[in-house]
Amino acid sequence: MDASADLGFDYKPDLPVPISLVGGRYLLFDVKIATFLRREHRICGTTIGTLPLSPSQNLFLGVPVEIMPEEAQLLVEQGVALIVDDPRAHDEAIRSADKARRADYLARIQKQSTQVEQLRVEEKEASRKRALDKRSTNSLAQPSATSSDRPANANANANAGLFDFGESEAPTARPADSSAGHDAAHPSVESPVKVLPNATSSSNYHVTPATSRLLLPTPPSTPKLEIDDLPSSYPLYRHLHNRGFFMTPGLRFGCQYTVYPGDPLRFHSHFLAVGTQWDEEIDLMELVGGGRLGTGVKKGFLLGGADPSGEVRTFSVEWAVM
Amino acid sequence: MADADEDVIPTTSPSGADDLEDETQDFRFLAQLTSSATTGQAIIPKRGTKDFEPNPTRSQASALDAARLAMHTALSAVRVHSGRSHLVGQYFPDQDDWRWDDSGAGLRHGRCVVVYKFKSTHLKVMGQADRNNWVWLLPEEALFLLERGSLDIRWPDISGSRDVTIEAPRHEETAELQQSVEEETNSRSEQSEVILASPSRQDPQVGELPMSLQGAYASFIGKDGLTLERYSVYAGLKRAGYIVQRAPTWHDNDPASVNGHAHPQPLRESTSNTTAASSSALISANWSQPGTFSSPASLIHRLVSWLFRPQRAESCPSLGPLAAPGLYRNYTELFRALSLIPYHDPDTSLSATSAAGGVNAHQPPPTLTCSPQPPFRVHFHVWKPSGAHTYRKTAPPPPDYRIAVIDARLTSMPTLSQIGDLLDSQPEDSLSKDKAGRLETRIKHGRRNILLAVVDMGVVSYLRLSDACFGAEKLFEQKAKAGSKGKGRGGGGGRGKKSPGQRQGQRQGQKTGN
């Protein structure tokens, strides 16, 4: 797909990527980084933010993406990510008198808003054109076949318009009729325009950016390697993750992790995983309950933990009929 | 995830919406949702389009790519404020600048964002206006509005000599009185030129730097007791249309029985009553052993029962027949005579406590023993969306739900005494017979109830705890009233009476916990 390239869908960020530490939780704000981690590192996380497209529903949520401490630890260990103390970074950035950063940040916002404005103008133009077309077709009193075809088309276009501007520098991938958007904004991600914004912005459109990327100082090169609140089930998590599984928090299925064979977007989960310690006594009722629950939802109940040598062993329980 | 999970666990809500929220949704359906807004017909996504496991076919790969692309595009949509609906707020990082109320420092409550001109439907349920009609927002309100694209928040301008964070509120205070001083403080800034032009009516300038979503999370989470868990719950409920306000026990060190400004007046009495009954859980625990004659509650019980059937001797199960010899004219009396097992009754234990307090006056007040300890405290009061048109911020009606937010990773299931403390601190909220005719509904609703919102890394599950009183609903009396005297089945009455469980927790979120 052509659009995927434009949107930063295949974006490969410079490693390590920042993970925001906010209130003791690990968040991803850049959708490109979230997509990258999902694609390359099987880190899904949970979307917890409101989608501006459709803010009054809980079915589809947006950035930020909250990831588990296990996931953060894994990424840090692999050198893919580093933890940024977001409140402090922002505090410093706001209090510092670094004019260039502010200018970059403002310039990017400015550019986004002009992009949006352009898009809106184009949309208006397009809809006007459609209306005119429609009127002309109506006046010609053509057979109903074409006129019923048209609204569907228009609808699809409107949708594409809603989705198709990326969060930042990505140009708008409008369907073919609007070629203007393509050459209008095509600067690369890495070179922010060093233009001081004019103080009186004439634009009617104001943008709230998702990330404060350009505003924040570059994080320190020697990050800490340990996550503070790492649960004892981390070895099990890492073990399963290394086997190619995707994992999401699983409390509502009565377990620690729900384990997916592929991306949860497209696949059902196979296991309900619970981590245990090697010498921990396990209540038989827990085994029975977990096994029954897992079988009831067509998943296996998976127990696992690291033995004293550090090797992880896993056992799955299924409730069989005798 | 599961396509057959409901086969096993009965769901309390038959609607499919909750089930859909449990799964990771294919974002391609979002296009249908958003397009439905324009076409006017709602399209509910269907489930069951997922595959069992990955295979190397190209169709699967392309489907996955399409799903990921849809998610990516949906997530990368920009928050745009245009023209007339553009709301700008000013963020103050410093506590000293938060002043939504003239009465002083005691009532700041973390309102750290001010919107000078707040024209929005959200005003009805959010924010607090000061005398300049500037609306001050709590961190969660500001973050929610910014996140849904309804509010543009600015960071304070900082450059060298002047400091807008201080300047703007100072202007507020002194606007009418000390304009000359004002002129001096602001004379260096260009923006204040505008203010000086019309000093009394002009709102202060907002900062130049728009706050990003990332910045908003960094700034607001952790401010004034707002954890990410609490915000997740808040935002989830707000998105669903509920009216959500902070409860008076929002901060961990807030006293439980003190009513804040957000608390309705009529509740005041009932809350203090119920907190007075703090030790009721303990007392009823003692009381559940038969034969504790010292308990005044059982004395009262005996007195009452004696008043009602004075013609017969007390039955003495250890020595003689369960039903004392005598004249029984109907089954109801017989059943009453057979009701030996004490049960938990919130009303009786309440009067028992007050009686006990009367006897030992030098005992410490029971409120000390029972105010719920963190983390099991009420954090939010929630009203149903249906009451939105009658809701008033200044005098809210009694809340429909009370929610305690729990972090699943740090907290385990509450103990009975924790649940008891939590429930005892709640005002009574029982269904009357007119409202709910069915007995099961009333018992399930309970005398008091509370919702626990359990947050596991961003995934919220709700758990309803209610103080159910099985013993108070006497089945044999109902039968008698219905006119089927003597025909009532003894088994039903006995079962209703014998359930000694004081508290009954039931999950409303349909998936079972551990």
Side-chain angles (χ1 to χ4, degrees), chain A residues 4 7 9 22-23 25 29 31 35 46 48-50 52-56 58-60 62-64 66 68 86-87 90 94-95 102 109 112 116 155 158-159 162-163 165-167 204-212 249 251-254 261-269 293 296-298, chain B residues 1-2 4-5 8 20-22 24-27 30-31 33-35 50-54 64 67 69 72-73 75-83 86 146-149 152 155 158 210 212-215 217-218 221-222 227-228 232 235-236 239-240 408 456-459 461 511-514:
Chain A
S4 60
L7 284 164
F9 183 58
V22 177
R25 307 280 170 236
F29 285 93
V31 65
T35 310
T46 316
I48 60 170
T50 309
L53 280 178
S54 169
S56 298
N58 276 315
L59 214 48
F60 300 99
V63 283
E66 179 171 358
M68 296 186 275
D86 243 24
H90 276 87
I94 296 310
R95 288 185 196 282
R102 292 169 84 100
I109 292 170
Q112 276 183 10
V116 169
N155 225 338
N159 274 337
L162 271 177
F163 285 135
F165 40 90
E167 187 266 324
N204 263 336
Y205 294 96
H206 300 265
V207 166
T208 300
T211 65
S212 25
L251 182 70
R252 64 173 147 208
F253 289 96
D263 193 318
L265 277 176
R266 292 293 308 157
F267 300 103
H268 293 297
S269 74
L293 175 67
V297 295
K298 291 187 184 170
Chain B
M1 291 181 212
D5 39 9
V8 179
L20 288 166
E21 280 176 28
D22 280 355
T24 309
Q25 286 302 312
D26 194 331
F27 273 74
L30 180 65
L33 273 187
T34 46
S35 74
K50 292 184 180 184
D51 297 328
F52 176 68
E53 62 186 358
L64 177 59
L69 182 64
H72 184 87
T73 41
L75 259 58
S76 50
V78 189
R79 292 166 174 79
V80 185
H81 316 273
S82 63
H86 184 208
L146 181 135
E147 192 177 64
R148 79 193 296 287
D152 185 1
W155 268 307
I158 293 184
S212 63
L213 182 69
Q214 187 182 2
Y217 269 85
I221 299 294
T227 59
L228 192 62
S232 297
R239 280 192 291 262
D456 181 22
M457 294 294 122
V459 184
S461 327
K511 308 292 187 274
T512 38
N514 10 5

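Bear in mind the structure is a predicted one, so any value in this text is a computation, not a measurement. A note on names: the letters A, B, ... follow the listed sequences, proteins ahead of strands, and every chain is numbered from 1.
A centroid separation of less than 6.0 Å is found between the aromatic rings of A/Phe29 and B/Tyr217.
Counting only distance, with no hydrogens or angles, the side chain of A/Asn58 and the backbone of B/Gly236 share a donor-acceptor pair below 3.5 Å.
Residues B/Ser461 and A/Arg252 share a closest heavy-atom pair of OG-CB, 3.7 Å. Scanning all heavy atoms of the two residues, the minimum distance from A/Val207 to B/Pro210 falls at O-CB, 4.3 Å. A pairwise comparison of heavy atoms in B/Leu64 and A/Arg266 identifies CD1-CG, 3.4 Å as the closest pair. Considering all non-hydrogen atoms of both residues, B/Ser212 and A/His90 come closest at OG-NE2, 4.4 Å.
Atom NE2 of B/His72 is separated from atom OG1 of A/Thr35 by 4.5 Å, given to the nearest 0.5 angstrom. Rounded to the nearest 0.5 angstrom, A/Glu66 CD and B/Met457 CE are separated by 6.0 Å. Rounded to the nearest 0.5 Å, atoms OG (A/Ser269) and CD (B/Glu53) are 13.0 Å apart. For the atom pair CG of B/Leu146 and OG1 of A/Thr50, the computed distance is 10.0 Å after rounding to the nearest 0.5 Å. A distance of 6.0 Å separates CD in B/Gln214 from OG1 in A/Thr211, rounded to the nearest 0.5 Å. To the nearest 0.5 Å, atom CG of residue B/Asp152 and atom CD1 of residue A/Ile109 are 8.5 Å apart.
Most heavy-atom pairs under 4.5 Å with chain B, from the set A/Gly262, A/Gly23, A/Pro52: that is A/Pro52. Ranking B/Thr227, B/Ile221, B/Leu228 against chain A, the residue ahead of the rest is B/Leu228, based on heavy-atom pairs under 4.5 Å.
Under the rule for a salt bridge (charged side-chain N to carboxylate O under 4.0 Å, His left out), B/Arg79 has no partner lying at least two apart in sequence or in another chain.
Considering only heavy atoms from C-beta on, A/Leu251 stays 4.5 Å or farther from B/Val459 through its side chain.
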